[in-house]
Amino acid sequence: MVNEPLYSLRMRAAEGRAHEDGGLHISGGERLSTREELEEAVSALLRKALHHSRGTADFINIAIEKVAQEEIPVLAPLPISTYCTTSVQAGRKQAADLLRQSSVSDAAIERGFEILTSSYNLRGAVLLDSQSGERMDTRGTKGVRVSRMDWERMSHAIWKKRQPLLESVRVSEAVALATKVASAAGTVAELCWSDDPEYSTGYVSSPTKGYCRIFHLKEEGELSGGRIFFVTAETNIADYIEYLEKMPVWIG
Ligand code: AMP
């Protein structure tokens with residue numbers, strides 16, 4: 001695997017028109033692939049774009065770039081825990097507790113919730129100062145899209161066998177993303193719930209707490225959602241974004 005050419009794949013799909021022309025974000029996806037697996041990876045991204053409960057994709061962009069490869073780091077997936085909360089109120093309280101335990105301030109937690117509950121068309125993540133709650137990036141609704149990460153095939157098969165209840169592609173993808181985010185210098189914690197109206201389970205993740213799935217972070221049928229990355233005030237934001245967008249990593 002190490003010496004084969006590697007490709008980064010990025011997909012984004014929107015309804016109505018392209019994102020930059022005001023279209024509604026439908027879905028996105030990021031993969032790392034060898035040349036041999038490229039066709040299957042493109043097909044998987046296309047399937048994801050074409051079948052999404054947020055709507056019908058009228059615009060689909062799939063970008064494929066060869067990745068200049070040296071030694072690519074392999075990150076161990078974050079350990080998973082699940083909180084079976086039974087209401088949105090309880091789910092959000094649990095999320096706030098976990099964020100607090102990861103050293104995010106109450107003000108920043110409140111700001112994170114405000115942003116996610118009022119975002120219906122966020123394509124990437126919003127970066128917030130983990131103490132003041134101030135926004136640290138200038139990307140607007142485009143946000144910061146974490147790319148160039150994927151599961152190493154053999155390790156993924158073993159990981160899936162160990163977590164038979166978490167077989168969904170959605171959880172695998174989210175754990176890969178959260179693992180890369182947690183590995184970035186400056187990350188304090190992450191808060192996520194999907195903008196998919198049919199999926200209300202979200203998560204808090206952090207280097208100290210791992211990947212904490214929480215049932216009911218929003219009501220079924222709601223279109224709101226997105227990701228918040230809480231970072232330390234000292235974080236060099238340009239370097240942080242460069243790492244998340246450009247540095248290839250395997251999860252395994
Ligand atoms: P999903 O988990 O695919 O339902 O995505 C939910 C939300 O998380 C999206 O609307 C984006 O705001 C954000 N998001 C999804 N993928 C990424 C990514 N690769 N990097 C940063 N944010 C993302």
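In each ligand, atom 1 is the first atom listed, and ligand 1 is the first ligand listed. Values below: every heavy atom of this structure, side chains too, minus hydrogens, waters and symmetry copies.
Remark: R92 is not positioned above the aromatic ring of F113, lacking an NZ or CZ atom under 6.0 angstrom from the ring centre and at most 45 degrees off the axis.
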Using atom types as modelled, flag every donor-acceptor pair under 3.5 Å from a side chain in residues 75-89 to any protein atom, sequence neighbours excluded.
| residue | atom | partner | partner atom | Å |
| --- | --- | --- | --- | --- |
| T82 | OG1 | R213 | NH1 | 3.3 |
| T85 | OG1 | F215 | O | 2.6 |
| S87 | OG | A90 | N | 3.1 |

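Judged as a ring-ring contact (aromatic ring centres under 6.0 Å, His included), the pairs with a partner in residues 25-74 (not counting sequence neighbours) are, in order, H19-H25.
Remark: K142 pairs with no residue by the salt bridge (Lys or Arg N to Asp or Glu O under 4.0 Å) rule, at least two apart or across chains.
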Next on the checklist: Y120 vs R54, test: side-chain hydrogen bond (donor to acceptor under 3.5 Å, both in side chains). Steps then yes/no.
Outcome noted: CA-CA 10 Å; Y120 300 92; R54 273 176 69 79; over 6 Å; no

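Here R10 does not pair with E245 in a salt bridge; the nearest charged N to carboxylate O distance is not below 4.0 Å.
Within 4.0 Å of ligand 1, contacts by protein heavy atoms are made from E30, L122, R123, G124, A125, V144, R145, V146, L177, S194, D195, G226, R227.
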